[in-house]
2 protein chains.
Amino acid sequence: MDPQLRAIRQAAREKFLQANAPKPSKAAVADSALPEFLAHLPPERLQQSIGSLLADAPPEPPPKRAKPSPDVVVIPKERTEEIQALLRQPAPKEFRVLSWNIDGLDEVGGAQALMQRCLAVAKEVAIQRPAAVLLQEVIPPALELLASPKVLGGTYEVVVPKDPPLPYYVAILLDKQRLRALEPPSTAAFPGTQMGRQLLSVAAKVLDAEAPPVVIATAHLESTKDHGVERKRQLLQCLRFLRSELGRAVSGGRVGAAMLGGDLNLRDEEVKAVQKELGDGSGLCDAWVACGSPENERWTWDTSANTNIGASFVCKTRFDRLFFLSDWSLSSPKARGMAIASGKAKAKAKAKDLFQKAEAVPCDGWRPTSFALLGKAKVPGLGRFPSDHWGILTSWAWSEAPQAPEPAAAATSAEAKAKGFGLKPSDGEGAIDLD
Amino acid sequence: MDPQLRAIRQAAREKFLQANAPKPSKAAVADSALPEFLAHLPPERLQQSIGSLLADAPPEPPPKRAKPSPDVVVIPKERTEEIQALLRQPAPKEFRVLSWNIDGLDEVGGAQALMQRCLAVAKEVAIQRPAAVLLQEVIPPALELLASPKVLGGTYEVVVPKDPPLPYYVAILLDKQRLRALEPPSTAAFPGTQMGRQLLSVAAKVLDAEAPPVVIATAHLESTKDHGVERKRQLLQCLRFLRSELGRAVSGGRVGAAMLGGDLNLRDEEVKAVQKELGDGSGLCDAWVACGSPENERWTWDTSANTNIGASFVCKTRFDRLFFLSDWSLSSPKARGMAIASGKAKAKAKAKDLFQKAEAVPCDGWRPTSFALLGKAKVPGLGRFPSDHWGILTSWAWSEAPQAPEPAAAATSAEAKAKGFGLKPSDGEGAIDLD
DNA sequence: CCAATGGGG
DNA sequence: CCCCCATTG
Ligand SMILES: [Mg+2]
Ligand SMILES: [Mg+2]
């Protein structure tokens with residue numbers, strides 16, 4: 001659906017023109033209350049309607065039309081209660097991070113469908129209970145829904161960017177039980193964006209572990225192949241940011257890991273170029289690569305498996321990635337999970353091998369232990385997936401020092417395995433990265 | 001004119017399908033006599049007609065129609081005699097290299113116009129008398145015309161690629177008086193080309209100088225922005241080839257310079273990326289940069305100055321470039337003319353400054369002394385330029401050793417200056433390369 | 001052989 | 001949010 005992208009640009013243009021206009025009327029200014037809404041969660045009423053019925057939505061079907069009008073959205077109590085029940089379960093010990101572009105720009109089915117898709121996302125979050133959730137393409141009604149106490153707002157702190165140029169943006173959810181923001185979140189503009197993209201990050205203390213604080217960042221990098229040049233600039237900015245964050249002294253200690261997860265719209269070629277710009281030996285790792293490049297968890301945007309956009313073409317890409325820097329990524333041999341998947345099958349095989357016997361190789365610092373795709377089931381009653389992207393779920397371990405046999409790491413690894421988190425390597429061979 | 005590019009791809013596709021077809025009939029095979037024609041110059045008759053009347057074209061106007069039919073092309077004797085007269089003049093001492101995409105795919109005006117444009121190119125060649133001419137977008141009738149003894153065939157040896165996949169290709173002309181091929185020319189395929197592009201090169205002895213042999217290469221790299229990835233691969237292949245050629249022992253000594261000139265369709269961004277791939281310190285120089293980045297000689301494809309394609313838009317690019325490696329380029333400080341124009345005005349100013357007082361800075365080896373655009377006048381009687389590209393003319397000097405005060409170099413430089421070869425730097429400031 | 005846009009697969 | 005193609009400026 002190109003119209004979506006067209007709409008983005010159009011909205012961007014309008015916004016731009018509006019911003020450069022002589023001076024908007026009061027009415028026009030009221031429109032810009034949006035960023036204000038974002039600045040102070042919990043949610044409030046917006047011109048968009050989806051959240052407006054949230055607090056007191058009756059469980060019965062919509063009063064009039066067979067197809068609910070776009071202004072009347074029913075939030076089924078069963079869904080929110082189901083989510084609440086899941087959230088009442090104890091959080092897993094394992095530290096997980098989920099990144100997901102929830103396709104807030106998909107208008108198929110209107111507000112009702114958006115609500116259903118959002119609840120499906122929320123349910124996945126409640127099931128996996130990541131310590132942090134990185135979202136992209138969040139729009140105000142979706143944010144209001146997710147941030148509601150009846151959905152995720154009771155369990156997660158919602159972090160949003162300052163002054164998003166367009167009414168779709170990124171967000172970070174922090175599990176209040178396990179992460180506490182150590183500073184106000186930071187929003188960085190991408191100076192060259194034409195699509196209103198930003199870099200959002202937050203430094204957080206890990207509450208239930210001895211581990212050092214982490215910096216968690218997300219972005220929705222400039223979309224489409226045509227914008228590769230700008231996208232590379234954005235990635236470079238992000239990665240330099242990660243580098244500047246790692247090791248920085250914060251109130252809870254020194255930052256032990258800096259990660260960027262998101263819909264990065266990247267092609268391997270572009271990553272390679274940026275990596276070169278950054279300098280080799282940057283220690284940058286790609287979580288998917290570090291987890292052995294599991295073929296079954298590879299394609300995060302796949303029109304052959306995901307029917308949401310109704311594509312008449314087949315395209316598989318790995319747009320959604322999680323990059324990180326940590327003591328582990330810096331100290332590990334190059335083979336571990338460097339951002340650039342070496343073209344050589346041998347190097348890949350070695351990396352995969354290293355990953356498989358990770359427990360046998362002592363090393364310290366934050367490191368990923370598994371990588372899996374999420375959201376691959378259609379939303380019941382909707383017949384569509386939660387998003388046109390799969391979510392990417394990573395699990396993490398931390399251990400203090402190589403000389404100590406880090407029992408925690410072994411435990412989390414074992415747990416990950418027990419939960420079927422894709423620890424088993426795919427049987428795919430070291431083929432060249434194609435996307 | 002998009003049709004041209006479309007035609008290229010279409011022809012490529014047809015060719016491909018044809019090649020993969022069960023087995024062509026005899027008639028279809030006859031079609032592939034084309035490469036054979038190329039393999040053995042001097043020219044022969046082709047299905048295309050332009051050359052068929054060359055040897056005995058009467059100077060009178062076409063017998064029937066007011067507009068000559070595409071099958072009847074008249075080569076004005078005055079034009080060829082003019083060219084011959086120019087060629088009878090003594091060749092300049094200065095070593096010059098010209099590269100020009102002669103737009104053989106431009107069909108405006110039919111065979112007659114093509115002939116006129118070709119003769120204009122030939123006349124420029126006869127005037128400047130480059131030791132080597134690198135041509136792109138040559139098509140069979142154009143080649144036949146240029147290679148004819150009545151045009152350039154008496155003075156220049158014509159080198160063409162083996163088995164061009166499509167009936168437009170590159171060619172190298174070597175002034176028989178000043179260059180002698182030391183080996184059979186080499187043709188390298190670009191494995192990923194969709195447009196039938198090849199790398200053609202020849203090692204040649206410089207007959208009238210003590211200078212070491214040179215390797216002269218040309219290519220027409222994959223066109224259009226969309227094909228940047230393939231184009232970068234092609235450039236990398238070319239530059240690695242140059243590197244492998246420099247210093248190679250040939251029958252006349254060791255190769256003292258390896259140059260690649262052509263319609264490289266490059267954007268600075270792409271050059272930068274390939275340069276990184278190649279490794280810094282490769283010593284690669286861009287002749288235009290090495291000559292002080294003269295602003296007036298910058299844009300080789302410029303729809304505001306060149307009306308041939310009838311563009312309703314303005315676009316200035318530096319598609320046509322000449323890269324080289326030589327003892328000079330390897331030994332010179334980075335500022336001299338590295339392929340990547342540093343974004344910093346300071347570095348550029350330094351490079352320009354170095355160029356201006358080149359005579360005062362002793363250095364040895366092959367080096368460019370001037371850079372100028374050619375073909376900027378419309379063809380009389382046609383009202384169009386010889387090509388949609390300007391030609392790029394470089395002048396070169398060689399000197400044996402830095403300790404010797406190289407009188408030869410000073411002489412050639414002085415001569416270049418005297419001939420107004422753009423030695424004077426432009427007054428443009430060190431602005432960032434924009435194309 | 002430019003960039004931006006829109007349709008179709 | 002893929003690629004190719006065609007049109008427009
Ligand atoms: Mg999207
Ligand atoms: Mg052309």
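- Within the 4.0 angstrom heavy-atom criterion, no nucleotide atom of any strand lies near A:Thr303.
- Applying ring pair (Phe, Tyr, Trp, His ring centres under 6.0 Å) to B:Trp390 and the options B:Trp299, B:Trp301, B:Phe385 leaves one that passes, B:Phe385.
- With C:dG9, C:dC2, D:dC2 as the candidates, the nucleotide lying closest to the side chain of B:Phe319 is C:dC2.
- Comparing C:dC2, D:dG9, D:dC2 by their nearest atom to the side chain of A:Trp301 picks out D:dC2.
- The separation between A:Gln194 atom CD and C:dA3 atom P is 13 Å, rounded to whole Å.
- Rounded to a whole Å, the NZ atom of A:Lys225 is 14 Å from the P atom of D:dC5.
- The separation between A:Asp226 atom CG and C:dG6 atom P is 13 Å, rounded to whole Å.
- Residue B:Met195 contributes atom CE, which lies 12 Å from atom C1' of D:dC4 at whole-angstrom precision.
- Atom CG of B:Asn265 and atom P of C:dC2 are 7 Å apart (whole Å).
- Between B:Ser223 and the options B:Arg231, B:Arg197, B:Gln194, a side chain to side chain donor-acceptor pair (under 3.5 Å) holds for only B:Arg197.
- Taking atom CZ on B:Phe313 and atom P on D:dT7, their separation rounds to 15 Å, with Å as the unit.
- Listed nucleotides D:dC2, C:dC2, C:dG9 differ in distance to A:Cys315; the shortest reach to its side chain belongs to D:dC2.
- A:Glu230 places its CD atom 16 Å from the C1' atom of C:dA3, with the value rounded to the nearest Å.
- Side chain to side chain, B:Gln136 and B:Ser99 meet the donor-acceptor criterion of an N or O pair below 3.5 Å.
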Quiz item: How far apart are the C-alpha atoms of A:Glu230 and A:Arg233, what are their side-chain angles, what is the distance that settles it, and do they pass the salt bridge (Lys or Arg N to Asp or Glu O under 4.0 Å) test?
Solution: CA-CA 5 Å; A:Glu230 168 61 13; A:Arg233 269 194 292 265; 3.1 Å; yes

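- Comparing D:dC2, D:dG9, C:dC2 by their nearest atom to the side chain of B:Thr224 picks out C:dC2.
- Straight-line distance from the NE2 atom of A:His227 to the C1' atom of C:dT5: 12 Å, rounded to whole Å.
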